[in-house]
Amino acid sequence: MNSCQVLSRENLTHLLDSVDTFLFDCDGVIWKGDNLIDGVSETLDFLRSKGKKLVFVTNNSLKSRAQYALKFHFLGISVSPDEIFSSSFAAAMYLKLYNFPPQNKVYVIGGDGILEELRLAGFNAFGGPADANKTVDLKQNIFFEHDKSVGAVVVGIDPNINYYKLQYGTLCIRENPGCLFIATNRDAVGHMTAWQEWPGSISDSIISHSGISAGCMVAAMCGSTQKEPIVVGKPSTFMMDFLLQKFNVSCSKMCMVGDRLDTDILFGQNAGCKTLLVLSGCTTQSALQDPSNNIHPDFYTSKISDMLDLLEA
């Protein structure tokens, strides 16, 4: 299985000595659904006690950083919004760093997290949940109106996806000159509950919304626009470039911890970080060891609290 190693006391000690910052995915690593994975809180406390910087990097665009900090709080973990990088925040930062014209509007197919981050960044954003119940009357010779000042369409996970939203976003991208098509991520599935993966679905719990998959929404827009999006979430390098600029840390001093090979681990590898796969989420050991898999982390283990177990052994 290439050079992928099972996490051991020896290589963990070397890893802790060689990195200053740990990047953690959330769903499948920190929690599953509304349930905190065993030993997570103690492991994060231990890493902080060793002076390690912790950053939580998630492709879930339903929440803003502030909303994510609230979820951590409900689960008994103290995390500040500045330690959280969601794909909703990445979408806003992409537009800000690339000097998106302030007079242009942004149409959102997605949740409140995207809208909140865009508005905090100073953009005029609309759509999202407000369009959840809008319908299209397909009468003969109908003409569907859309705002010609929309300069970007941001697509993320949307539990209320409908034909109105798809038509509105499609018209903006196809007919508004220079309109950007931005995707928060292209994950195929995510965890709606602790027991199943879902295609872009979520539950209604106040602290849940853990299904992160925007892939099916993005795929629908790719089909109707015949265009490929700018992806700002993992494994895109945009989020990593922003992280490096903010924290001024070398990639060689960072370790990406995640449960998905094609997003988390690839995200870390693309940037030159060390990578640790945990088997508490999407990826099984058999999938990791399958001959068809060509993404191999530096290390793998069952869950992040194995760090404590190995050091105490």
Side-chain angles (χ1 to χ4, degrees), residues 59 61-62 64 85-187 200 213-242 245 270:
N59 271 355
S61 62
L62 275 172
S64 65
F85 279 76
S86 62
S87 59
S88 55
F89 177 63
M93 289 304 98
Y94 181 90
L95 293 176
K96 198 171 188 69
L97 292 175
Y98 285 85
N99 299 313
F100 183 74
Q103 69 273 16
N104 286 0
K105 297 177 184 177
V106 183
Y107 183 69
V108 173
I109 298 175
D112 282 325
I114 300 173
L115 288 166
E116 181 174 327
E117 293 292 359
L118 288 169
R119 289 165 181 167
L120 285 172
F123 299 114
N124 184 353
F126 69 105
D131 288 350
N133 297 318
K134 293 185 178 179
T135 59
V136 178
D137 186 2
L138 295 175
K139 294 179 180 178
Q140 189 175 8
N141 298 323
I142 184 175
F143 187 82
F144 191 101
E145 297 284 353
H146 74 284
D147 193 326
K148 303 297 192 298
S149 67
V150 171
V153 175
V154 178
V155 183
I157 178 174
D158 192 333
N160 298 305
I161 190 72
N162 60 35
Y163 203 56
Y164 177 94
K165 295 180 182 183
L166 293 174
Q167 172 68 343
Y168 203 105
T170 296
L171 289 175
C172 291
I173 292 169
R174 293 185 65 165
E175 297 186 8
N176 292 5
C179 184
L180 301 174
F181 175 17
I182 297 174
T184 59
N185 67 291
R186 299 188 79 162
D187 297 14
S213 47
C216 55
M217 292 82 184
V218 174
M221 289 298 294
C222 289
S224 61
T225 63
Q226 293 295 291
K227 292 186 178 181
E228 288 297 306
I230 300 162
V231 181
V232 294
K234 296 174 293 185
S236 166
T237 58
F238 171 76
M239 192 181 283
M240 181 63 77
D241 291 342
F242 191 84
Q245 182 180 15
N270 286 343

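In this chain, numbering begins with 1 at the start of the sequence shown.
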Side chain proximity check, F126 to L115, heavy atoms < 4.5 angstrom | no
From K105 atom NZ to C179 atom SG, the distance as rounded to the nearest 0.5 Å | 13.0 Å
Shortest non-hydrogen separation from E116 to S64 and the atoms involved | OE2-OG, 3.0 Å
Look only at the side chain of S87 and the backbone of G233, and say whether a donor-acceptor pair between them is shorter than 3.5 Å.
-> no
Give, for atom CZ of F85 and atom NZ of K234, the distance between the pair rounded to the nearest 0.5 Å.
-> 13.0 Å
Passing candidate, side chain to side chain contact (heavy atoms under 4.5 Å, CB included) with Y168, options V153, I109, D147 = D147
Please check if the side chain of R119 supplies one atom and the backbone of N124 the other of a donor-acceptor pair under 3.5 Å.
-> no
K96 side chain to A121 main-chain N or O, any donor-acceptor pair under 3.5 Å?
-> yes
So, does K165 use its side chain to make a donor-acceptor pair with the main chain of N160 at under 3.5 Å?
-> yes
Please assess F242 against F89 for the test ring-ring contact (aromatic ring centres under 6.0 Å, His included), listing each intermediate value before the final yes or no.
-> CA-CA 11 Å; F242 191 84; F89 177 63; 5.7 Å; yes
Listed partners of D131 passing salt bridge (Lys or Arg N to Asp or Glu O under 4.0 Å), at least two apart = K134
Roughly how far, to the nearest 0.5 Å, is the CG atom of L118 from the OH atom of Y107?
-> 13.5 Å
So, does N162 use its side chain to make a donor-acceptor pair with the main chain of A132 at under 3.5 Å?
-> yes
Is there a donor-acceptor pair under 3.5 Å between the side chain of N104 and the backbone N or O of V150?
-> no
Out of V155, V154, I157, which residue meets the side chain to side chain contact (heavy atoms under 4.5 Å, CB included) rule with T184?
-> V154
V232 and A91 have their tightest heavy-atom pair at CG2-N, 3.8 Å
Interatomic spacing from OG in S86 to CG in N185 - rounded to 0.5 Å | 11.0 Å
Measuring from M93:CE to D241:CG, what's the distance to the nearest 0.5 Å?
-> 14.5 Å
Minimal non-hydrogen separation, S224 against R174, with atom names = O-NH1, 3.1 Å
If you measure only the distance, is there a donor-acceptor pair under 3.5 Å linking the side chains of S61 and S88?
-> no
Quick one: does I230's side chain get under 4.5 Å of F181's, heavy atoms only?
-> no
Where G110 and D158 come nearest, the two heavy atoms and their spacing = N-OD2, 3.1 Å
Got a sec, which residues hit side chain to side chain contact (heavy atoms under 4.5 Å, CB included) with L166, two or more places apart in sequence or on another chain?
-> I161, A220, M221
Please report the C-alpha distance between C222 and E228 in whole Å, then the side-chain angles of each, then the deciding distance to 0.1 Å, and finally whether the side-chain contact (heavy atoms from CB on, under 4.5 Å) criterion is met.
-> CA-CA 6 Å; C222 289; E228 288 297 306; 4.0 Å; yes
Can you name the closest pair of heavy atoms from P229 and I182 and give their distance?
-> CB-C, 4.5 Å
Just say parallel, tilted or perpendicular for the rings of F144 and Y164, cut-offs at 30° and 60°.
-> tilted
Please report the closest heavy-atom contact between A152 and L95, naming both atoms and the distance.
-> CB-CD2, 4.2 Å
Do M240 and N270 touch side chain to side chain, with heavy atoms closer than 4.5 Å?
-> no
